[in-house]
Amino acid sequence: SWVFLFTAYSSIASLQSSLNTVNGLGTASLSTIYVTLILSCIFLPTILIKKFTVKWTIFGSQLCYLLYIAANIYPQYYTLLPAAIILG
(Lines give C-alpha, C1' and ligand atoms only; values in the text may rest on other atoms or scores of the structure.)
Protein backbone atom coordinates (compact mmCIF):
# COMPACT_ATOMS: atom_id res chain seq x y z
CA SER A 1 0.00 0.00 0.00
CA TRP A 2 2.92 2.33 0.73
CA VAL A 3 4.23 1.95 -2.84
CA PHE A 4 0.88 2.90 -4.36
CA LEU A 5 0.41 5.81 -1.98
CA PHE A 6 3.89 7.18 -2.54
CA THR A 7 3.48 6.80 -6.31
CA ALA A 8 0.38 9.01 -6.15
CA TYR A 9 2.15 11.55 -3.92
CA SER A 10 5.24 11.58 -6.11
CA SER A 11 3.14 12.27 -9.20
CA ILE A 12 1.32 15.15 -7.53
CA ALA A 13 4.54 16.58 -6.09
CA SER A 14 6.19 16.51 -9.52
CA LEU A 15 3.34 18.50 -11.03
CA GLN A 16 2.79 21.03 -8.21
CA SER A 17 4.70 23.89 -9.79
CA SER A 18 2.92 23.31 -13.12
CA LEU A 19 -0.64 22.74 -11.89
CA ASN A 20 -0.86 25.27 -9.06
CA THR A 21 0.83 28.31 -10.56
CA VAL A 22 -1.47 30.98 -9.09
CA ASN A 23 0.70 33.08 -6.74
CA GLY A 24 3.22 30.23 -6.56
CA LEU A 25 0.89 27.95 -4.58
CA GLY A 26 2.48 24.71 -5.79
CA THR A 27 6.00 25.82 -4.99
CA ALA A 28 4.90 27.21 -1.62
CA SER A 29 3.22 23.94 -0.67
CA LEU A 30 6.29 21.89 -1.56
CA SER A 31 8.54 24.29 0.33
CA THR A 32 6.24 24.05 3.33
CA ILE A 33 6.38 20.26 3.23
CA TYR A 34 10.16 20.15 3.21
CA VAL A 35 10.66 22.82 5.90
CA THR A 36 8.23 21.13 8.28
CA LEU A 37 9.71 17.74 7.39
CA ILE A 38 13.15 18.91 8.49
CA LEU A 39 11.78 20.28 11.76
CA SER A 40 9.58 17.28 12.54
CA CYS A 41 12.33 14.75 11.81
CA ILE A 42 14.40 16.27 14.59
CA PHE A 43 11.79 15.77 17.31
CA LEU A 44 8.83 13.58 16.38
CA PRO A 45 9.98 10.09 15.24
CA THR A 46 11.17 8.76 18.58
CA ILE A 47 8.22 10.25 20.45
CA LEU A 48 5.62 8.86 18.05
CA ILE A 49 7.21 5.42 17.78
CA LYS A 50 7.44 5.07 21.55
CA LYS A 51 3.84 6.17 22.01
CA PHE A 52 2.08 4.46 19.07
CA THR A 53 4.56 1.74 17.90
CA VAL A 54 6.00 1.53 14.40
CA LYS A 55 2.91 0.07 12.73
CA TRP A 56 0.56 2.83 13.87
CA THR A 57 3.11 5.54 13.20
CA ILE A 58 3.39 4.40 9.58
CA PHE A 59 -0.41 4.20 9.32
CA GLY A 60 -0.70 7.77 10.63
CA SER A 61 1.87 9.00 8.15
CA GLN A 62 -0.08 7.37 5.34
CA LEU A 63 -3.17 9.27 6.45
CA CYS A 64 -1.16 12.50 6.26
CA TYR A 65 -0.16 11.69 2.67
CA LEU A 66 -3.81 10.99 1.82
CA LEU A 67 -4.83 14.33 3.31
CA TYR A 68 -2.32 16.19 1.15
CA ILE A 69 -3.37 14.31 -1.98
CA ALA A 70 -7.03 15.07 -1.22
CA ALA A 71 -6.22 18.76 -0.65
CA ASN A 72 -5.13 18.93 -4.28
CA ILE A 73 -8.73 18.40 -5.36
CA TYR A 74 -9.46 21.99 -4.34
CA PRO A 75 -6.05 23.70 -4.25
CA GLN A 76 -6.22 26.95 -2.34
CA TYR A 77 -3.85 28.45 0.21
CA TYR A 78 -6.21 27.57 3.06
CA THR A 79 -6.46 23.89 2.00
CA LEU A 80 -3.06 23.07 0.57
CA LEU A 81 -0.72 24.75 3.05
CA PRO A 82 -2.28 23.28 6.22
CA ALA A 83 -2.22 19.85 4.56
CA ALA A 84 1.43 20.43 3.67
CA ILE A 85 2.24 21.34 7.26
CA ILE A 86 0.52 18.19 8.51
CA LEU A 87 2.33 16.06 5.93
CA GLY A 88 5.67 17.56 6.87
Side-chain angles (χ1 to χ4, degrees):
S1 68
W2 185 260
V3 170
F4 293 126
L5 181 68
F6 201 74
T7 301
Y9 166 74
S10 178
S11 300
I12 284 180
S14 296
L15 294 172
Q16 276 301 329
S17 61
S18 301
L19 292 176
N20 301 320
T21 58
V22 178
N23 295 329
L25 176 61
T27 308
S29 73
L30 288 177
S31 300
T32 304
I33 288 173
Y34 293 121
V35 167
T36 56
L37 184 68
I38 290 169
L39 296 174
S40 69
C41 282
I42 295 171
F43 304 110
L44 288 181
T46 54
I47 296 169
L48 292 176
I49 290 171
K50 284 181 183 178
K51 186 170 183 171
F52 298 113
T53 70
V54 173
K55 178 174 82 171
W56 291 109
T57 303
I58 291 173
F59 178 73
S61 68
Q62 287 181 335
L63 291 178
C64 294
Y65 276 98
L66 285 174
L67 176 68
Y68 182 75
I69 292 168
N72 278 281
I73 293 172
Y74 187 71
Q76 299 293 324
Y77 273 100
Y78 58 86
T79 58
L80 209 54
L81 290 184
I85 291 170
I86 293 170
L87 176 59

Other residues, nucleotides and ligands only: do more than 12 of their heavy atoms fall within 6.0 Å of CZ on F59?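 Open.
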Spell out, as yes or no, whether a donor-acceptor pair under 3.5 Å connects the side chain of S10 to the backbone of T7.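 Not confirmed, S10 side chain does not pair with T7 backbone.
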Show the nearest heavy-atom pair for residues [X] and [Y], with the distance to one decimal.
{"X": "A83", "Y": "A71", "result": "CB-CB, 3.7 Å"}
{"X": "T21", "Y": "S18", "result": "CG2-O, 3.3 Å"}
{"X": "S29", "Y": "Y68", "result": "OG-OH, 3.0 Å"}
{"X": "S40", "Y": "P45", "result": "O-CD, 3.3 Å"}
{"X": "A84", "Y": "T36", "result": "O-OG1, 3.7 Å"}
{"X": "T57", "Y": "L48", "result": "OG1-O, 3.3 Å"}

Honestly curious: do [X] and [Y] fall in one hydrophobic cluster under the side-chain, below-4.5 Å linking rule?
{"X": "L44", "Y": "I85", "value": "no"}
{"X": "W2", "Y": "I12", "value": "yes"}
{"X": "W56", "Y": "L63", "value": "yes"}
{"X": "I69", "Y": "I33", "value": "yes"}
{"X": "V35", "Y": "L80", "value": "no"}

To the nearest 0.5 angstrom, please state how far the CG atom of L25 sits from the OG atom of S17.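 Spacing of CG (L25) from OG (S17) equals 11.0 Å.
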Hey, could you give me the OG1/CG distance between T27 and N20, rounded to the nearest 0.5 Å?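 These two atoms lie 9.0 Å from each other.
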Measure the shortest side-chain to side-chain distance between [X] and [Y] over non-hydrogen atoms and say whether it is less than 4.5 angstrom.
{"X": "T79", "Y": "I73", "result": "no"}
{"X": "L87", "Y": "L67", "result": "no"}
{"X": "C64", "Y": "Y9", "result": "no"}

Running the 4.5 Å side-chain criterion over Ile, Leu, Val, Met, Phe, Trp and Tyr, what cluster does [X] land in, apart from itself?
{"X": "L19", "result": "L15"}
{"X": "I42", "result": "F43"}
{"X": "V3", "result": "none"}

